[in-house]
Amino acid sequence: MRVRVGAATDIGRVREGNEDAYLVEAPLYAVADGVGGHRGGEVASELAIDTLHRRFLERRGPLGEHVNEANRAVFEHAQRDRSVAGMATTLTAALIDDDRALLAHVGDSRAYLFRDGDLSRLTEDHTLVHQMVMSGEITPEEAEAHPHRNIITRVVGMEGRIEVDQIDLRLRPGDRILLCTDGLTGMLDEDEIRGILAGMPEPQQAADRLVQAANRAGGVDNITALVIDLAEGEDPPVETSTPVERGTIAPVPSRPAGPAARISGRRGRRLALWGGLALAVVVIGLVGLRLFLDTQWFVGVANGHVAVYRGIPAEVVGFELHHVVVETEIPAADAESLALYRDLPDGITADDRASAEAIVHEIRRDLSRPRSP
Ligand code: MN
């Protein structure tokens, strides 16, 4: 099936930083909502998303296992670094494999299926109020206004190992999957979400509109929405899905018998050898490129905001050689208005992630300074 994705994240109207993170790296999609003082929430959600993605590229295997690896990474980091002790994050991921979606989920972010005009919730909130609703103690309506509705009962990064909910979904053309954080579902009821999904055929428009509506409704939390549309047809091959485990040399197909198979004997073998060698060079090149890109960082613009990217600010025959790791709330136009960051749209390269984040920090600081007329 063909997949088209729209993604939007926003700081909201109350919070001081965006602790949500998301991943759009076909065929893997995810949202994470970090919690924890200081920078803990940001660190937790980014680390979880990053680890999930890396594990997925390194080896196939159950998605739930990759989520558990993400859990361990956040847990161990929190143990090592006292400044982020107690940090944790939700993680809701979808792996699209033709007409199947595999979902893995921990926390109170959500996945929905929008099909034939109906919206159904695919995930269960791992919250205290959800447990109370399930046991009949309170009604779903009471849960929405409950003073303890933010208490999460299961989350990534708090324990060494966690139970991960997994859902295997058969997809149909026209299906739309929504992954979102509670900054969306806390502000909009499901009927409003359904209405927006029904009215916005373009996935990016739908994601943008959902975030906008949550902001209009108050925006008390960070808001993230990922809209994944499935349509009939084949997806073109994606550069980012050239993971290391595909770096094996495919056998050179044997030639058919008959007049076309005149190249035979030693010459045929030599051609096969050269073909195999050329293929090996291409495969090694792609793997090398991937490894190289994973070590490159720059600061650029995503959805009109200053963002930290992994990769290099370029594309080759339509393949982008980068992806967004953090999208900040800083409007790119503001940063570009400062002479120092005029080149932001072309990407300001950094030695590593820390340097990239330092650049973002500088931008934020420079913007908060009073400007000379
Ligand atoms: Mn949240």
Side-chain angles (χ1 to χ4, degrees), residues 7-24 29-50 52 67 70-71 74 78 84 86-94 103-112 121-131 143-158 162 165 178-190 192-193 196 207-227 303 305 324-329:
T9 189
D10 193 78
I11 189 172
R13 298 170 70 175
V14 176
R15 296 293 174 89
E16 292 191 341
N18 192 347
E19 302 188 321
D20 284 1
Y22 68 82
L23 177 75
V24 175
Y29 309 93
V31 297
D33 177 355
V35 290
H38 305 288
R39 290 195 56 248
E42 266 172 66
V43 173
S45 60
E46 283 163 31
L47 182 58
I49 289 273
D50 233 47
L52 173 75
V67 170
N71 174 68
V74 176
V84 291
M87 68 172 175
T89 182
T90 73
L91 188 56
T92 301
L103 278 85
H105 163 75
V106 177
D108 67 348
S109 298
R110 288 181 186 170
Y112 285 95
R121 206 189 291 181
L122 298 171
T123 49
E124 202 170 280
D125 291 352
H126 298 139
T127 56
L128 191 63
V129 289
H130 180 75
Q131 286 181 355
E144 273 166 38
H146 198 280
H148 296 148
R149 64 181 176 281
N150 291 327
I151 295 180
I152 306 182
T153 50
R154 212 197 298 169
V155 72
V156 165
M158 289 297 247
I162 45 163
D165 288 356
L178 169 67
L179 304 182
C180 60
T181 58
D182 69 336
L184 184 80
T185 50
M187 290 292 109
L188 303 178
D189 64 34
E190 293 182 346
E192 291 169 300
I193 293 173
I196 291 170
D208 288 338
R209 184 57 68 88
L210 285 168
V211 167
Q212 192 182 53
N215 264 326
R216 283 203 188 127
V220 301
D221 193 2
N222 307 143
I223 311 149
T224 300
L226 237 72
V227 176
N303 301 314
H305 296 121
V324 177
V325 175
V326 193
E327 184 184 324
T328 68
E329 78 294 353

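Note that the numbering runs from 1 along the sequence shown for the chain. Remember, it's 1-based here, ligands and their atoms both numbered in the order they're listed.
- Side chains of D20 and T224: a donor-acceptor N/O pair is present below 3.5 angstrom, by distance only.
- Not counting sequence neighbours, the partners of E46 by the salt bridge (charged side-chain N to carboxylate O under 4.0 Å, His left out) test are R353.
- Residue R154 places its CZ atom among more than 12 non-hydrogen atoms of other residues, nucleotides or ligands, all under 6.0 Å distant.
- Partners of D221 under the side-chain hydrogen bond (donor to acceptor under 3.5 Å, both in side chains) rule, at least two apart in sequence or in another chain, are R15.
- Distances from the Mn ion (ligand 1) under 2.8 Å pick out these protein N/O/S atoms: D33 OD2, D182 OD1, D221 OD2.
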Less than 3.5 Å apart, which donor and acceptor atoms pair up between the side chains of residues 145-152 and the rest of the protein, not counting sequence neighbours?
unit_1, atom_1, unit_2, atom_2, d
H146, ND1, H148, N, 2.9
R149, NH1, H146, O, 2.9

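- The structure places CG of D10 at 12.5 Å from CG of L210, a figure rounded to the nearest 0.5 Å.
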